[in-house]
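Heads up: numbering here begins at 1 and tracks the sequence.
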Amino acid sequence: AAWNVRAALRGERPLAFRYANLGEMLSLGGAEASLSSLGVFNFEGPVASAARRAVYAARMPTASQASRVGLSWAVDAVLAAAKKASETMRS
């Protein structure tokens, strides 16, 4: 859309609209998610959550951004596991 706004402001020809249905990815919080791809693949739970994160990281514009996002998710996972372990030890 931004390219077409730019083209309109410059009096240029806009790009044609293209849509490709690639499926759906839905985060359900924590390690839960649902993922379906064109009716071929359907995943739920932690597997879908990991696949969803991998797709989002792969779609980042640069490798640097993808690695920062991946590192952030890894740190979150480690901290969540440490918190759960700490709570278990207190019980």
Side-chain angles (χ1 to χ4, degrees):
W3 285 104
N4 285 341
V5 170
R6 179 177 175 238
L9 293 172
R10 292 180 167 190
E12 298 172 352
R13 194 168 147 204
L15 297 174
F17 176 77
R18 293 176 300 185
Y19 176 77
N21 182 2
L22 301 176
E24 299 173 352
M25 295 187 295
L26 175 67
S27 173
L28 301 173
E32 296 297 316
S34 176
L35 184 141
S36 68
S37 178
L38 305 175
V40 177
F41 300 107
N42 293 305
F43 300 110
E44 293 181 359
V47 171
S49 183
R52 181 182 157 275
R53 289 180 180 214
V55 168
Y56 276 115
R59 300 282 299 166
M60 290 287 155
T62 66
S64 174
Q65 288 171 320
S67 61
R68 282 186 291 186
V69 167
L71 180 61
S72 174
W73 286 333
V75 168
D76 288 346
V78 168
L79 292 177
K83 180 180 178 184
K84 187 174 183 177
S86 174
E87 290 170 353
T88 302
M89 292 175 69
R90 287 186 206 162
S91 301

Q: Could you pull out the closest heavy-atom pair between Arg13 and Ala7, with the gap in Å?
A: O-CB, 3.8 Å

Q.
On a heavy-atom basis, which atom in Ala33 and which in Ala48 lie closest, and how many Å separate them?
A. O-CB, 3.4 Å

Q) OG/Ser49 to CD/Glu44 distance, rounded to the nearest 0.5 angstrom? A) 12.5 Å

Q) Is the backbone N or O of Gln65 less than 3.5 Å from a side-chain atom of Thr62, with the two atoms forming a donor-acceptor pair by type? A) yes

Q: Return the minimal non-hydrogen interatomic distance between Asn4 and Leu15, and the atom names on each side.
A: OD1-N, 2.5 Å

Q) Does atom CD of Glu12 have more than 12 heavy-atom neighbours, drawn from other residues, nucleotides or ligands, at distances under 6.0 Å? A) yes

Q.
Donor-acceptor check, side chain of Ser67 to backbone of Ala63, threshold 3.5 angstrom: yes or no?
A. yes

(Q) Are Val5 and Phe17 connected into the same hydrophobic cluster when the rule is that any two of I, L, V, M, F, W, Y join if their side-chain heavy atoms are below 4.5 Å apart? (A) no

Q.
Would a single hydrophobic cluster contain both Leu79 and Leu71, if residues Ile, Leu, Val, Met, Phe, Trp and Tyr are joined by side-chain heavy-atom contacts under 4.5 Å?
A. yes

Q: Following the transitive rule for hydrophobic clusters with a side-chain heavy-atom cut-off under 4.5 Å over Ile, Leu, Val, Met, Phe, Trp and Tyr, establish whether Met89 and Val78 coincide in one cluster.
A: no

Q | Heavy-atom pair of closest approach, residues Trp73 and Arg53 | A | CZ3-O, 3.0 Å

(Q) Under the rule for side chain to side chain donor-acceptor pair (under 3.5 Å), what residues qualify as partners of Ser64, not counting sequence neighbours? (A) none

Q: Please report the closest heavy-atom contact between Ala66 and Ala57, naming both atoms and the distance.
A: CB-O, 3.2 Å

**Q.** Shared hydrophobic cluster, Val69 / Val75 (ILVMFWY, side-chain heavy atoms < 4.5 Å)
**A.** no

**Q.** hydrophobic_cluster_shared for Leu26 and Phe41, side chain cutoff 4.5 Å
**A.** no

Q. Can you tell me if Thr88 uses its side chain to pair, donor with acceptor, with the backbone of Lys84 under 3.5 Å?
A. yes

(Q) Please find the pair of heavy atoms, one from Ser34 and one from Leu28, that lie closest to each other, and give the distance. (A) N-CD1, 4.4 Å

